[in-house]
Amino acid sequence: MKVEAVTLREIQMPLVNFFETSFGRTYSRRIVLVTAHCEGVNGWGECVAGEDPFYSSEWIDSAWPTMTRYLAPAVLGREFDSAREWVGLCAKVRGHRMAKAGLENALWDAEAKQKRQPLWKLLGGSRHEIACGVSIGIQDSVEQLLDRIQTELAAGYRRIKVKVKPGWDLNVLEKIRSRWSDIVLSCDANSAYTLDEVEHLRKFDQFNLLMIEQPLWDDEIYYHARLQRELRTAICLDESIVHARSAAFAIESGACRIINIKVGRVGGFTEAKKIHDMCQSQKIPVWCGGMLESGIGRAHNIALSTLENFSLPGDVSASKRYWREDIIDPEVEVSSEGMIKIFDQPGVGYQVREDLIEKLTVKKETLRAPA
Ligand code: OSB
Ligand code: MG
């Protein structure tokens with residue numbers, strides 16, 4: 001397939017509920033969508049970079065010029081047999097993995113559509129439904145958090161993850177566990193602690209958590225290895241795992257027992273699959289993380305989650321938890337058993353609502369192959 005043009009769009013979508021982590025609160029998303037126009041087929045991707053450089057150094061206003069100046073020109077006019085070839089073409093650009101993934105994922109969708117295959121099959125997936133958990137942000141009060149948990153449990157979600165930070169941690173986990181002693185529970189610190197706080201972090205062990213996600217710095221795998229030796233609770237790494245090499249180092253050094261794979265954070269499906277396969281051979285379970293995606297990124301996460309070693313419930317949940325109206329049809333729905341059914345349509349498996357996207361677009365640029 002030949003990439004004739006690439007369209008970038010920024011859309012703005014207010015969240016149904018604000019989302020707060022240890023690094024801040026988000027009320028509304030600015031999202032970059034990528035369309036790869038390939039000989040009559042349009043592949044769609046989403047760049048998951050945030051509104052601010054807080055979760056990672058990448059953010060939406062660094063992703064856009066990286067795509068227009070470096071990444072899109074590297075694909076325009078090219079013939080591809082497989083989206084995997086993209087990895088070699090963008091290797092010269094250091095970092096900027098979320099920007100790279102936005103484009104790569106659009107190419108995967110285009111390839112799947114051209115081959116009339118569902119994307120999940122092209123990726124090598126085998127599941128016909130996937131298990132879902134939810135990530136619940138920091139609330140204004142513990143009572144509000146308990147209400148949110150109650151709602152999500154009633155909806156059928158199979159794992160509750162709460163955000164923690166100093167001052168919103170042991171007290172909160174204590175209240176949750178005294179109300180629900182046996183739910184599958186985990187927490188995510190988004191790097192809010194330091195290794196000096198090991199005695200404090202050891203107290204998390206009493207809550208029988210499935211995992212504690214990213215307690216320390218994003219760029220410190222070695223310190224996580226030191227911390228893991230002090231904890232009974234499994235550490236799961238999110239921010240620290242940016243490619244297959246960091247995953248290999250984390251596993252070898254004993255820095256984690258579980259890995260969260262986010263396709264944007266690791267630079268696209270090719271690298272995500274590589275990490276998945278390596279974790280599988282090392283018996284490290286993985287699950288699919290979320291970045292408050294629109295339906296397009298959500299559909300990509302669903303396809304990735306069909307790979308065999310995604311054996312823990314992901315942060316992949318229903319569209320209506322985030323959006324009054326999502327940009328795909330049908331919206332992502334979760335059954336009362338906490339499962340998402342996988343569709344067999346070619347590509348991502350959901351119809352992209354271009355009319356709605358057009359209304360939400362605040363900025364648009366189309367780059368064409370040189371004649
Ligand atoms: O650390 O997993 C995270 C959202 C934005 C940035 C980082 C994270 C998150 C979430 C939300 O936890 C997951 C989701 O529901 O999309
Ligand atoms: Mg996380």
Side-chain angles (χ1 to χ4, degrees), residues 13 15-31 46-60 63 97-98 101 130-139 145 148-149 151-152 155 157-165 168 185-193 209-218 224 234-242 250 256 258-266 286-302 304-305 312-323 326 331-332 334 338 340:
M13 294 174 81
L15 287 162
V16 171
N17 296 301
F18 68 79
F19 190 81
E20 183 172 330
T21 67
S22 60
F23 56 77
R25 190 178 274 199
T26 307
Y27 291 92
S28 184
R29 295 286 340 272
R30 295 174 61 203
I31 296 172
E46 174 169 339
C47 171
V48 300
E51 291 71 36
D52 305 290
F54 298 165
Y55 166 83
S56 67
S57 59
E58 247 190 308
W59 63 304
I60 175 171
R97 296 181 186 89
M98 294 174 179
I130 61 162
C132 310
V134 283
S135 172
I136 306 180
I138 294 166
Q139 306 294 313
L145 177 68
R148 294 289 306 277
I149 295 174
T151 303
E152 306 297 9
Y157 286 101
R158 294 174 167 239
R159 184 268 286 139
I160 300 290
K161 153 176 149 184
V162 294
K163 294 288 185 178
V164 290
K165 64 175 182 182
W168 180 274
L185 180 65
S186 73
C187 71
D188 185 358
N190 290 106
S191 301
Y193 300 93
L209 302 175
L210 177 62
M211 67 190 96
I212 173 170
E213 187 178 337
Q214 198 67 41
L216 309 179
W217 308 274
D218 63 321
H224 278 100
I235 290 177
C236 169
L237 290 178
D238 173 351
E239 284 91 325
S240 293
I241 307 299
V242 292
C256 62
I258 297 173
I259 285 179
N260 160 339
I261 299 181
K262 287 181 182 166
V263 62
R265 195 192 62 225
V266 305
V286 303
W287 54 279
C288 184
M291 293 288 284
L292 312 176
E293 287 92 346
S294 80
I296 291 175
R298 200 163 293 283
H300 284 280
N301 289 343
I302 292 169
L304 183 67
S305 303
L312 295 170
D315 279 347
V316 185
S317 52
S319 296
K320 67 176 182 199
R321 293 190 64 245
Y322 306 84
W323 318 114
D326 204 346
E331 300 201 339
V332 174
V334 173
I340 294 175

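Everything numeric here is computed off the predicted structure, so don't read it as measured data. Counting starts at 1 for both ligands and their atoms, in listed order. For the numbers below, each heavy atom of this structure counts, side chains included, while hydrogens, waters and symmetry mates do not.
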Which protein residues have a heavy atom closer than 4.0 Å to any atom of ligand 1, listed by chain and number?
-> F19, Y55, S135, K161, K163, D188, N190, E213, D238, K262, G290, M291, L292, D315, Y322
Presence of salt bridge, D238 and R265, under 4.0 angstrom | yes
Note, the Mg ion (ligand 2) has protein N, O or S atoms under 2.8 Å numbering 3
Would you find a donor on one side and an acceptor on the other, under 3.5 Å apart, between the side chain of E58 and the backbone of R97?
-> yes
Between D315 and R159, is a salt bridge (charged side-chain N to carboxylate O under 4.0 Å, His left out) present by the stated rule, with each step listed?
-> CA-CA 9 Å; D315 279 347; R159 184 268 286 139; 2.9 Å; yes
Give me the one residue out of Q214, K165, K161 that meets side chain to side chain donor-acceptor pair (under 3.5 Å) with D188.
-> K161
W59 ring centre to R30 NZ or CZ under 6.0 Å, with the angle to the axis within 45°?
-> no
S294 versus E46, side-chain donor and acceptor atoms under 3.5 Å = yes
Pi-cation contact, Y322 with R298 (under 6.0 Å, within 45°) | yes
Under the 3.5 angstrom rule, does the side chain of S305 hit a backbone N or O of I130 as a donor-acceptor pair?
-> no
What's the verdict on salt bridge (charged side-chain N to carboxylate O under 4.0 Å, His left out) for E152 and R321, showing C-alpha distance, side-chain angles and the deciding distance?
-> CA-CA 10 Å; E152 306 297 9; R321 293 190 64 245; 2.8 Å; yes
